[in-house]
Amino acid sequence: MKKRALITGISGQDGAFLSQFLLEKNYEIYGAYRRSSSPITWRLNELGIDGDVKMVPFELLDYSNILSVIGEVQPDEIYNLAAQSFVKGSFEKPIYTADVDAVGVLKVLEAIRVVNPEIKFYQASTSELFGVPKEFPQTETTPFYPRSPYSAAKLFAHTITINYREAYGLHASAGILFNHESEFRGIGFVTRKITSSLASIKQGNLDSFELGNIYSKRDWGYAKDYVSAMWEMLQQEKADEYVIATGESHTIKEFITLAAASIGFDLEWSGEGVNEYAIDKKRGKKIITINEKYFRPSEVDMLQGDISKAKEILGWEPTVTFEQLAEKMAVSDYERVKNGKRLV
Ligand code: NAP
Ligand code: F7E
């Protein structure tokens, strides 16, 4: 019999790649989505798998809905990818973020406990938990120091996942995933904002764009690589926590340089702080400027993961380099723009 997976956050980046991965493993996929007025399946459409996922309305704020969805679907595995995942947005909506990203996860765990404690559970934890890292690189045992309402909420979700494992014997794992990007990344996140804006400028649809702090460093990987680690975690005899990363750390400015070069820009940087800007040398035009409004009240300056445990136990390793990631994303957005697609 086919294994059945329920994926929350099906309309997001990871939901799309995980569905593709599990369909290749012959799973039956139930995609839990939030009702909205705009189309939510563009990522599944682009991957050509929208017809293969059974969609179920799902809201993390509503325990009765979660309980009935899990009761009706009776999945073997639940991948909880749904979240208010925008860190900057969590400073604007801290209470909503806590309701969804913290208490919402407890609601799913509680529903599993009530409906069927044999259901395996994956929680999407995050490198944001490390905030101001106490050591470099970060491992599963590095102390947490959240720097945003988002990461504070995710810390509750992370610890309650472990607690439900210890208290009730649930097979509940948490992947501490570092930033993972792709051509399906939400357009508000910095990498996709950069590649979509550069593509639009190149096509003549946009003059310039603004960014915030371009000197923070992240450990950036390719999202398609990362979803296989989620699955591996649920195939282990014992549930556990794992850091999933590349082990390299780069600034946003480095990403810009690589992405821009891969679609033919030659950038020259001048100025400092909020007065820094980049000129497209070929056209002699300022195309990137800095605006303080994109700065965060408290920033995470640098993250870098250590994947020794994932390598050893899950046999997991990333395959896409930082350079390949920047190129892949920039080229993909430029292709979309050239083909007249609206970037979403
Ligand atoms: P994403 O693209 O922002 O997708 C988030 C998903 O959650 C969307 O499908 C969204 O639905 C859904 N959602 C939001 N609020 C919801 C609610 N109240 N009820 C039900 N669904 C809701 O995120 P992602 O990049 O795929 O990341 C997946 C998960 O991993 C998230 O939990 C994120 O916090 C975590 N994470 C991401 C990264 C990363 O670098 N990508 C790293 C570490 C951890 P709508 O389409 O309706 O908004
Ligand atoms: O910011 C800086 C910003 O919003 C990255 C989420 O998936 O990964 C993601 O969180 C960096 C920050 O991602 C702009 O200040 C500069 O230092 O792309 P981001 P994030 O905050 O790292 C983690 C692991 C998650 O768990 C989250 O769910 O880029 N930055 N200028 C900017 N960021 C944005 N968004 N926009 C700018 O204009």
Side-chain angles (χ1 to χ4, degrees), residues 7-18 31-44 57-62 65-66 69 79-91 93 96-97 99-101 103-105 107-108 122-130 147-148 150-151 153-154 157-158 174-182 184-194 197 209-223 226-227 230 243-245 251-253 255-256 288 290-303 305 344:
I7 303 176
T8 75
I10 192 74
S11 59
Q13 169 187 259
D14 291 7
F17 279 128
L18 181 63
Y33 75 99
R34 256 199 312 188
R35 282 195 195 282
S36 77
S37 53
S38 54
I40 43 103
T41 54
W42 69 272
R43 295 177 172 93
L44 299 175
F58 178 89
E59 172 53 68
L60 264 182
L61 293 173
D62 188 339
N65 171 247
I66 296 171
V69 167
Y79 295 86
N80 185 41
L81 309 182
Q84 190 303 95
S85 73
F86 193 37
V87 175
K88 177 86 169 24
S90 77
F91 290 100
K93 294 181 183 169
Y96 170 77
T97 302
D99 285 342
V100 174
D101 295 5
V103 184
V105 180
K107 288 174 183 158
V108 178
Y122 172 84
Q123 169 57 18
S125 287
T126 165
S127 53
E128 285 290 298
L129 295 176
F130 298 118
R147 287 278 277 176
S148 62
Y150 167 77
S151 46
K154 284 281 188 178
H158 185 81
I176 307 173
L177 271 55
F178 283 60
N179 293 58
H180 46 283
E181 320 291 313
S182 74
F184 295 121
R185 188 57 145 149
I187 209 155
F189 298 98
V190 76
T191 52
R192 187 77 209 297
K193 178 174 172 182
I194 291 163
S197 304
F209 64 104
E210 297 176 332
L211 290 171
N213 172 17
I214 56 173
Y215 290 99
S216 60
K217 292 179 99 175
R218 293 287 185 276
D219 180 327
W220 321 90
Y222 185 47
Y226 284 39
V227 296
M230 301 174 184
V243 160
I244 301 296
T251 62
I252 289 134
K253 195 170 171 179
F255 182 88
I256 299 170
I288 305 173
I290 305 298
N291 188 330
E292 257 177 72
K293 84 173 181 195
Y294 295 108
F295 291 0
R296 292 169 185 187
S298 46
E299 177 64 283
V300 170
D301 293 322
M302 180 176 173
L303 295 170
V344 283

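Read the numbers this way: they start at 1 and go in the same order the structure lists the ligands and their atoms.
- From the protein, the heavy atom lying nearest to atom 41 (N) of ligand 1 is Arg185 NH1, 3.1 Å.
- Residue Val100 touches ligand 1 through its side chain alone, judged by heavy-atom distances below 4.0 Å.
- Remark: minimum distance from atom 42 (C) of ligand 1 to any protein heavy atom is reached at His180 CE1, 3.2 Å.
- Within the 4.5 Å cutoff, side-chain heavy atoms of Asn80 are placed close to those of Leu60.
- Contacts of Lys154 with ligand 1, taken as heavy-atom pairs under 4.0 Å, involve the side chain alone.
- Residues Arg218 and Glu299 are paired through a salt bridge, judged by an N-O separation under 4.0 Å between the basic side chain and the carboxylate.
- Comparing heavy-atom distances from atom 28 (C) of ligand 1 across Leu18, Thr126, Leu81, Leu129 singles out Leu81 as nearest.
- Near ligand 2, residues Ser85, Phe86, Val87, Thr126, Ser127, Glu128, Tyr150, Asn179, Arg185, Gly188, Phe189, Val190, Lys193, Leu211, Gly212, Asn213, Ser216, Arg218, Ile252, Tyr294, Arg296, Glu299 come within 4.0 angstrom through at least one heavy atom.
- Remark: of the listed residues Ile7, Ile10, Val227, Ile7 is the sole one forming a side chain to side chain contact (heavy atoms under 4.5 Å, CB included) with Leu81.
- With sequence neighbours excluded, the residues forming a side-chain hydrogen bond (donor to acceptor under 3.5 Å, both in side chains) with Thr251 are Glu254, listed by chain and number.
- Of all the heavy atoms of Ser127, none lies under 4.0 Å from any atom of ligand 1, so neither backbone nor side chain is involved.
- For a threshold of 3.5 Å applied to N or O pairs, the pair formed by Tyr150 and ligand 1 contains at least one separation below that value.
- Considering both main-chain and side-chain atoms, Ser11 comes within under 3.5 Å of ligand 1 through a nitrogen or oxygen pair.
- If you check each of Gly104, Gly9, Gly15, Ala83 against atom 13 (N) of ligand 1, the one with the closest non-hydrogen atom is Ala83.
- Residue Ala124 approaches ligand 1 through these ligand atoms, each under 4.0 Å from one of its heavy atoms: 29 (C), 30 (O), 32 (O), 35 (C).
- An N or O contact shorter than 3.5 Å links Asp14 to ligand 1 by distance.
- Note that NE2 of His180 and CG of Asp219 are 11.5 Å apart. Values are rounded to the nearest 0.5 Å.
- Residue Tyr33 does not touch ligand 1, judged by heavy-atom distances below 4.0 Å.
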